[in-house]
Amino acid sequence: MLTGAGISAESGVPTFRDAQTGLWAKYRAEELATPEAFHAQPRLVWDWYGWRRQLTARAEPNPGHLALVQLQARYPELTLVTQNVDGLHSRAGSRDVVELHGNIALDLCSRDGTPVSQYRDGGDIPPRCAECGAYVRPGVVWFGEALPRAALERAEAAARSCEVALSIGTSGLVHPAAGLPLLAKRHGALLIEVNPSATPLTPHADFVLTGPSGVVLPALVQAL
Ligand code: BV8
């Protein structure tokens, strides 16, 4: 099962396709979520993630997240793979979530990628790693960066072996995650898409459940 930003839309977390609001309206997410942007304007990118961290911290899992918890309880072999960095699947109670693009709540040293638990004194923005003084960065995968190998391998293995693949709330534009539902289909899985809108995946899906995941997923679980 693959989820995208759409499953968190009903929790009030804007999707990447949504236009950015407020002081971020003049920036495109794809421009800010890059190592180049962080290198060129560390404070701007850090502040953008600070704004998004506040949004996700205030957000609560919605009925779509909770329906997937019930599905996993019913089918323990289910692998939940997400492109989202908001941590809402785990907060809803899903186990062993594969976070392909990392987690926005994590702080990493921008020099060596190790987790940072303490900032260096001095009040820099972005803060600096207490160990080496390099800027701290959010623990997400930026455009142009490789996905965590273990996570991608787990996701690909699940796609190759599953009988049913659900693609939920994703525009199917961001690779390599976008290739997972088709990888599952090529290996014989039944492919179900849940999205209010059509995506490049729609023509390949065996079933297209058109609607918001917070409505469709509880109904799907109820019907099983
Ligand atoms: C890499 C973390 C290589 C950061 C993110 C092949 C083809 C083309 C391009 C590429 C390719 N291979 C690589 C690329 C380049 C690039 C890419 O894919 N570019 C695209 C934009 C053209 N990919 C990369 O750079 C990846 N890295 O390939 O590295 C490499 C290898 C070795 C060594 C070095 C390098 C890295 C990609 C990861 C980027 N990071 N997030 C952050 O969050 O700040 S991706 C980011 O975009 C989010 O994670 C988000 O999930 C994703 C957007 O996708 P969606 O989740 O689908 O969200 P979106 O907004 O697009 O759509 C929302 C959907 O929800 C819509 O369909 C909407 O209809 C629907 N919806 C709305 N409401 C609801 C709903 N659905 C259900 N219910 C609702 N209520």
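All residue numbers in this chain count up from 1 along the given sequence. Order of appearance sets the numbers: ligands from 1, and atoms from 1 within every ligand. Nothing here was measured: the structure is a model prediction, and the numbers come from that model. Both backbone and side-chain heavy atoms feed into the values below; hydrogens, waters and symmetry mates do not.
Within the 4.0 Å heavy-atom shell around ligand 1 one does not find Glu30. Between Leu147 and ligand 1 there is a heavy-atom distance shorter than 4.0 Å. Between Pro196 and ligand 1 there is a heavy-atom distance shorter than 4.0 Å.
Pro181 places none of its side-chain heavy atoms less than 4.5 Å from the side chain of Glu193. Between Thr170 and Phe16, every side-chain heavy-atom pair lies at or beyond the 4.5 Å cut-off. No side-chain heavy atom of His65 sits less than 4.5 Å from a side-chain heavy atom of Leu68. Tyr27 places a side-chain heavy atom less than 4.5 Å from the side chain of Leu44. In this structure, Ile192 and Leu220 have side chains that are not in contact, with every pair of non-hydrogen atoms separated by 4.5 Å or more. Side chains of Glu99 and Val85 form no contact here, defined as non-hydrogen atoms less than 4.5 Å apart.
Nearest protein heavy-atom neighbour of atom 48 (C) of ligand 1: Phe16 CE1, 3.7 Å. In this structure, the protein non-hydrogen atom closest to atom 51 (O) of ligand 1 is Gln83 CB, 3.3 Å. In this structure, atom 61 (O) of ligand 1 lies nearest to the protein heavy atom Arg17 NE, 2.3 Å. What sits closest to atom 52 (C) of ligand 1 on the protein, heavy atoms only, is Val174 CG2, 3.8 Å. Nearest protein neighbour of atom 70 (C) of ligand 1, counting heavy atoms only, is Asn195 OD1, 3.5 Å. Looking only at heavy atoms of the protein, atom 9 (C) of ligand 1 is closest to His175 CD2, 4.3 Å. Of the protein's non-hydrogen atoms, Gly6 CA, 3.6 Å is the one closest to atom 71 (N) of ligand 1. Protein heavy atom at the shortest distance from atom 80 (N) of ligand 1 is Glu10 OE1, 2.8 Å.
Transitive grouping of hydrophobic side chains (ILVMFWY, heavy atoms separated by less than 4.5 Å) keeps Val97 and Leu88 in distinct clusters. When hydrophobic clusters are built by joining Ile, Leu, Val, Met, Phe, Trp and Tyr residues whose side-chain heavy atoms come closer than 4.5 Å, directly or via intermediates, Val208 is not grouped with Leu190.
Between Asp206 and Lys185 there is a salt bridge, since at least one side-chain N of the basic residue sits less than 4.0 Å from a carboxylate O of the acidic one.
In Asp121, the CG atom is not crowded: 12 or fewer heavy atoms of neighbouring residues, nucleotides or ligands sit closer than 6.0 Å.
Residue Gly169 approaches ligand 1 through these ligand atoms, each under 4.0 Å from one of its heavy atoms: 63 (C), 64 (C), 65 (O), 76 (N), 77 (C). Listed by number with element, the atoms of ligand 1 under 4.0 Å from a non-hydrogen atom of Asn84 are 51 (O). Applying the 4.0 Å criterion to heavy atoms of Leu173 picks out, from ligand 1, the atoms 18 (O), 20 (C), 22 (C). Shown in contact with Pro212 at under 4.0 Å from a heavy atom are these atoms of ligand 1, numbered in order with element: 78 (N), 79 (C), 80 (N). Ligand-side atoms of ligand 1 in range of Ser197: 69 (O), range being under 4.0 angstrom from any heavy atom. Applying the 4.0 Å criterion to heavy atoms of Ala5 picks out, from ligand 1, the atoms 55 (P), 56 (O), 58 (O). Residue contact check: Ala33 has heavy atoms under 4.0 Å from atoms 44 (O) of ligand 1.
Distance check: Ile168 CD1 to Leu2 CG gives 8.0 Å after rounding to the nearest 0.5 Å. Atom CG of Asn62 sits about 6.5 Å away from atom CD1 of Ile7, to the nearest 0.5 Å.
Checking only distances, Trp142 never comes within under 3.5 Å of ligand 1, N or O to N or O.
Counting only non-hydrogen atoms, the option in Phe143, Tyr49, Trp48 that gets closest to atom 44 (O) of ligand 1 is Tyr49. With His101, Glu193, Arg52, Glu145 as candidates, the residue nearest to atom 5 (C) of ligand 1 on a non-hydrogen basis is His101. Summarising the contacts of atom 35 (C) of ligand 1 with Gly144, Gly4, Ala9, the nearest heavy atom is found in Gly144. For atom 4 (C) of ligand 1, the nearest non-hydrogen atom from the set Val141, Val85, Val194 belongs to Val141. Across the listed options Pro138, Ala177, Ser213, Gly102, Ser213 owns the non-hydrogen atom lying nearest to atom 77 (C) of ligand 1.
At a heavy-atom distance under 4.0 Å, atoms from both the backbone and the side chain of Ala146 approach ligand 1.
The backbone N or O of Gly214 sits less than 3.5 Å from a side-chain atom of Glu10, completing a donor-acceptor pair. Counting only distance, with no hydrogens or angles, the side chain of His101 and the backbone of Gln83 share a donor-acceptor pair below 3.5 Å.
Within a 4.0 Å radius of atom 11 (C) of ligand 1, the protein contributes one or more non-hydrogen atoms.
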